[in-house]
Amino acid sequence: MNLSDIIKNRYSVRSYKDTAVEKEQLLEILEAGRLAPSAVNFQPWHFIVVQDKEILTQLYNCYDRSWFRSAPVIIVACADHLQSWKRASDGKDSADIDLAIAIDHITLKATELGLGTCWVCNFDVNACSEVLQLPHNIEPVAMIPVGYPSSKRPDKKRKPIDEIVHFDRFNP
């Protein structure tokens, strides 16, 4: 599958088969995240791969949706705010941007390998931090369920390119 096909085939999977994900595949998708670019190459991220049933159950409670409970693996993507680059002009912390790039690499690699993923950002961050015993400088930014999809990709609805692309200046 070429990159264009991977991009077109990637979708937010909300139903997973009750099948374990092979360690080799997990390592491949994590390697894709590791290789992502980041501001000043600081790589301010940590990826916590959760497969233990007891810890999974606790994470499922951080985002209480039935479809989420079907995922055999959850990768919690965390930003390290002590390692991230901050823009001098306004102090903007690049950690979220850097992590978003790494997560995108992970989701695209997972798609290439026949795995499904979904970005989950609407979860109880404090409870997640407690479950994973995160220090104060490590923020869980997204939970990424990973597994084999049990449903087909739905049609994607996207805006036409002329609604979102502007040349030279913003032209509403």
Side-chain angles (χ1 to χ4, degrees), residues 1-53 55-56 59-60 62-63 65 67-86 92-123 125 128-129 131-132 134-135 137-154 156 158 164:
M1 200 176 336
N2 67 38
L3 183 58
S4 291
D5 290 336
I6 293 167
I7 291 168
K8 288 175 187 171
N9 285 312
R10 194 250 157 229
Y11 69 102
S12 295
V13 175
R14 290 189 175 88
S15 179
Y16 299 91
K17 293 179 182 176
D18 187 20
T19 305
V21 177
E22 296 83 357
K23 184 174 183 176
E24 296 77 26
Q25 289 191 306
L26 285 172
L27 291 174
E28 281 190 58
I29 65 175
L30 292 162
E31 178 67 2
R34 186 184 75 83
L35 294 174
S38 61
V40 195
N41 197 31
F42 283 0
Q43 304 165 54
W45 47 58
H46 294 275
F47 301 101
I48 302 171
V49 181
V50 180
Q51 297 173 287
D52 178 270
K53 295 291 185 193
I55 300 171
L56 277 172
L59 286 182
Y60 295 153
C62 296
Y63 182 68
R65 305 294 191 280
W67 71 265
F68 188 66
R69 293 176 179 272
S70 71
V73 177
I74 305 281
I75 298 173
V76 182
C78 301
D80 185 337
H81 293 288
L82 293 180
Q83 291 187 17
S84 58
W85 177 78
K86 281 76 171 176
K92 169 122 178 92
D93 188 329
S94 69
D96 285 352
I97 297 165
D98 295 340
L99 199 54
I101 297 167
I103 293 169
D104 203 46
H105 277 54
I106 285 170
T107 62
L108 293 173
K109 184 65 178 183
T111 300
E112 179 187 40
L113 296 173
L115 294 165
T117 59
C118 185
W119 287 59
V120 176
C121 294
N122 180 25
F123 62 95
V125 172
C128 180
S129 294
V131 168
L132 300 176
L134 301 177
N137 59 296
I138 306 294
E139 175 194 5
V141 172
M143 293 198 294
I144 308 159
V146 180
Y148 291 95
S150 65
S151 60
K152 299 287 184 192
R153 180 179 68 83
K156 288 185 179 183
R158 294 290 183 251
I164 61 168

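One-based numbering along the sequence shown.
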Taking [X] for its side chain and [Y] for its backbone only, find out whether a donor-acceptor pair lies under 3.5 Å.
| X | Y | value |
| --- | --- | --- |
| Lys109 | Gly33 | no |
| Ser150 | Ser15 | yes |
| Tyr16 | Leu115 | no |

Could you tell me which non-hydrogen atom of [X] sits nearest to which non-hydrogen atom of [Y], and how far apart they are?
| X | Y | result |
| --- | --- | --- |
| Asn9 | Arg153 | O-CD, 3.3 Å |
| Phe68 | Val120 | CE1-CG2, 4.1 Å |
| Gln83 | Pro44 | C-CB, 3.9 Å |
| Cys78 | Leu99 | C-CD2, 3.6 Å |
| Gln51 | Leu56 | O-CD1, 3.4 Å |
| Ala36 | Trp45 | O-CH2, 3.3 Å |

- Message: Counting neighbours of NZ on Lys156 that are heavy atoms of other residues, nucleotides or ligands and sit closer than 6.0 Å, is the number greater than 12?
- Response: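 Correct, the count exceeds 12.
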
- Message: Could you check whether atom CG of Asp52 has more than 12 heavy atoms from other residues, nucleotides or ligands sitting under 6.0 Å from it?
- Response: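 Atom CG in Asp52 is crowded, with more than 12 foreign heavy atoms closer than 6.0 Å.
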
- Query: Can you check whether Ser84 reaches Lys92 side chain to side chain, under 4.5 Å on heavy atoms?
  - Reply: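 Side-chain contact under 4.5 Å: no.
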
- Item | Min side-chain heavy-atom separation Glu139-Asp96 under 4.5 Å |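 Yes, their side chains come closer than 4.5 Å.
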
- Item | Residue pairs, two or more places apart or on separate chains, that pass salt bridge (charged side-chain N to carboxylate O under 4.0 Å, His left out) and touch residues 67-84 |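 Residue pairs passing salt bridge (charged side-chain N to carboxylate O under 4.0 Å, His left out), neighbours aside: Asp64-Arg69.
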
- Walk me through it: do Cys128 and Leu59 pass the test side chain to side chain contact (heavy atoms under 4.5 Å, CB included)? CA-CA 6 Å; Cys128 180; Leu59 286 182; 3.9 Å; yes

Measure the [atom1]-[atom2] distance between [X] and [Y] for me, rounded to the nearest 0.5 Å.
| X | Y | atom1 | atom2 | result |
| --- | --- | --- | --- | --- |
| Asp104 | Trp119 | CG | CH2 | 6.0 Å |
| Ile48 | Ile75 | CD1 | CD1 | 11.0 Å |
| Leu132 | Ile55 | CG | CD1 | 7.5 Å |
| Asn137 | His46 | CG | NE2 | 7.5 Å |
| Tyr11 | Thr117 | OH | OG1 | 9.5 Å |
| Gln43 | Leu35 | CD | CG | 9.0 Å |

Can you list everything that forms a side chain to side chain donor-acceptor pair (under 3.5 Å) with [X]? Sequence neighbours excluded, please.
| X | value |
| --- | --- |
| Tyr63 | none |
| Asn2 | none |
| Ser94 | Asp98 |

- Message: Taking ring pair (Phe, Tyr, Trp, His ring centres under 6.0 Å) as the definition, give me every residue that meets it alongside Phe123, ordered by chain and number, with sequence neighbours left out.
- Response: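 Listed in chain order: nothing, the list is empty.
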
- Working for side chain to side chain contact (heavy atoms under 4.5 Å, CB included), residues Asn122 and Arg65: CA-CA 11 Å; Asn122 180 25; Arg65 305 294 191 280; 3.8 Å; yes

- Message: Suppose we screen for salt bridge (charged side-chain N to carboxylate O under 4.0 Å, His left out). Which residues come up paired with Arg34, at least two apart in sequence or across chains?
- Response: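 For Arg34 the salt bridge (charged side-chain N to carboxylate O under 4.0 Å, His left out) partners, ignoring immediate neighbours, are Glu31.
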
- Task: Give the intermediate values and the outcome of side chain to side chain contact (heavy atoms under 4.5 Å, CB included) for residues Ile29 and Glu112.
- Result: CA-CA 9 Å; Ile29 65 175; Glu112 179 187 40; over 6 Å; no

